[in-house]
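Notes to accompany the following structure.
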Protein chains: 2
Amino acid sequence: MSTVSASGSGPQSSLEPLDTAIVRELAKDGRCSFTDLAERVGLSVSAVHQRVRRLEQRGVITRYSAHLDAESVGLPLTAFISLTPIDPAAPDDYPQRLKGIHEIESCYSVAGEESYILLVRVASPAALEDLLRRIREAAKVSTRTTVVLSTPYEGRAPAL
Amino acid sequence: MSTVSASGSGPQSSLEPLDTAIVRELAKDGRCSFTDLAERVGLSVSAVHQRVRRLEQRGVITRYSAHLDAESVGLPLTAFISLTPIDPAAPDDYPQRLKGIHEIESCYSVAGEESYILLVRVASPAALEDLLRRIREAAKVSTRTTVVLSTPYEGRAPAL
DNA sequence: GATGAAACACCCAGGAG
DNA sequence: CTCCTGGGTGTTTCATC
């Protein structure tokens with residue numbers, strides 16, 4: 001069966017069913033033990049362990065993290081900031097220029113009127129104002145800010 | 001000093017320095033052992049263990065997850081979908097109506113022209129088309145879609 | 001918050017299908 | 001090549017101080 005696949009060249013768009021199951025469980029519960037994981041996917045502990053390490057090495061699993069309640073950690077204000085370059089001839093190294101600004105949680109290059117969308121978290125409106133100033137200064141962009149009023153859900157695990 | 005705080009009523013906006021350190025480490029490495037964690041924050045293993053459990057119970061840590069490479073798991077197309085209600089008199093239960101659509105990773109209620117911003121992941125343009133149809137049908141909204149071309153970074157840990 | 005001890009999980013071998 | 005078996009090592013978790 002299946003002499004195909006498994007030659008490690010380039011990102012394949014599909015995963016083995018067993019790997020899919022593993023990845024789905026770890027996306028839902030990133031801290032579950034290998035013992036639990038083995039039971040859930042119906043494999044031995046070491047087989048699961050082996051597969052998880054392979055998934056990490058292949059870059060399928062990029063990292064693990066705790067999800068924090070933004071309010072509890074003192075960052076109650078979330079916003080999307082859309083970026084439009086001021087000088088259209090400038091080199092497109094905005095992510096690099098903004099990388100050091102730690103309030104930026106995510107940076108997406110997008111198709112549309114604007115070039116980038118940033119997801120940011122700050123402590124207060126004043127902190128947002130200061131952040132916008134630093135972003136404009138660092139990247140020479142104009143910004144459009146959309147304040148998040150509430151977050152019904154966020155970072156849900158994909159279906160797979 | 002600080003005889004303040006610690007009475008468990010409502011979300012306090014600030015955390016003890018030790019809890020902040022714990023939470024910062026777990027945000028960066030959600031799967032690190034309690035032993036490692038204890039060393040990094042300069043506490044005994046059981047003290048750390050106790051604090052982590054408290055942080056989980058208080059809802060400061062909401063969950064743990066593995067971050068997946070979207071392409072590797074067969075969801076190479078990411079997009080933002082902005083929602084505008086068609087009937088302004090309809091009850092605002094959009095998150096509820098959309099909750100069952102698993103392609104929606106995050107749902108934000110926002111201030112601005114549109115009411116909600118969704119972050120979605122799908123396998124293909126055809127899947128996106130189908131998803132948009134299902135969103136419009138389920139929530140009675142008009143949609144505006146911004147396709148993500150690339151993701152320089154995503155889900156970075158906050159500075160704290 | 002620290003210590004110590006028992007239960008448990010991890011993870012390296014090596015071997016079987 | 002992938003999966004399972006074993007066992008030493010390290011981790012979790014609970015009682016106690």
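Residue numbers begin at 1 in each chain, while the letters A, B, ... track the order of the sequences.
Among B:K140, B:R134, B:R133, the one residue that satisfies the salt bridge (Lys or Arg N to Asp or Glu O under 4.0 Å) test with B:E137 is B:R133.
If you measure from atom CD of B:E39 to atom P of C:dG1, you get 18 Å, rounded to the nearest angstrom. In this structure, A:E56 atom CD and C:dC10 atom P are separated by 12 Å, rounded to whole Å. D:dT2 atom C1' lies 9 Å from atom CD of A:E16, rounded to whole Å. Here the P atom of nucleotide C:dG1 and the CG atom of B:L37 are 13 Å apart, to the nearest Å. Atom CD in A:Q50 sits roughly 15 Å away from atom P in C:dG14 (whole-Å rounding). With rounding to whole Å, B:F34 atom CZ is found 15 Å from C:dA2 atom P.
The phosphate of D:dT2 has OP1 or OP2 within less than 4.0 Å of a side-chain N or O from A:R54. The side chain of B:R51 contributes an N or O atom lying less than 4.0 Å from OP1 or OP2 of C:dG1. Between A:H49 and C:dC10 there is no side-chain polar atom (N or O) within less than 4.0 angstrom of OP1 or OP2.
As judged by a 4.0 angstrom heavy-atom cut-off over every strand, A:L18 is placed among residues touching the sugar-phosphate backbone only. Among the atoms of the strands shown, base atoms are found under 4.0 Å from some heavy atom of B:S46. Among the protein residues, B:V45 comes within range of the nucleic acid bases, having at least one heavy atom under 4.0 Å from a base atom.
The pair A:E154-A:R121 counts as a salt bridge, with a side-chain nitrogen and a carboxylate oxygen less than 4.0 angstrom apart. The pair A:D29-B:R63 does not meet the salt-bridge criterion, since no charged nitrogen lies less than 4.0 angstrom from a carboxylate oxygen. One finds a salt bridge joining A:D19 and A:R54 here, because a Lys/Arg side-chain nitrogen approaches an Asp/Glu carboxylate oxygen to under 4.0 Å.
Between D:dT12, C:dA2, D:dC4, one nucleotide has an atom nearer to the side chain of B:S44 than all others, and that is C:dA2. Of the candidate nucleotides D:dC14, C:dC10, C:dG1, D:dC14 has the atom nearest to the side chain of B:R53.
Not a single donor-acceptor pair, N or O on each side, falls under 3.5 Å between the base of D:dT12 and the side chain of A:S33.
Comparing A:L43 and A:R31 by the nucleotide of DNA chain D whose heavy atom lies nearest to each, the residue mapping closer to the 5' end is A:L43.
For the pair B:R156/A:I104, a side-chain contact is recorded, criterion being any heavy-atom separation below 4.5 Å from C-beta on.
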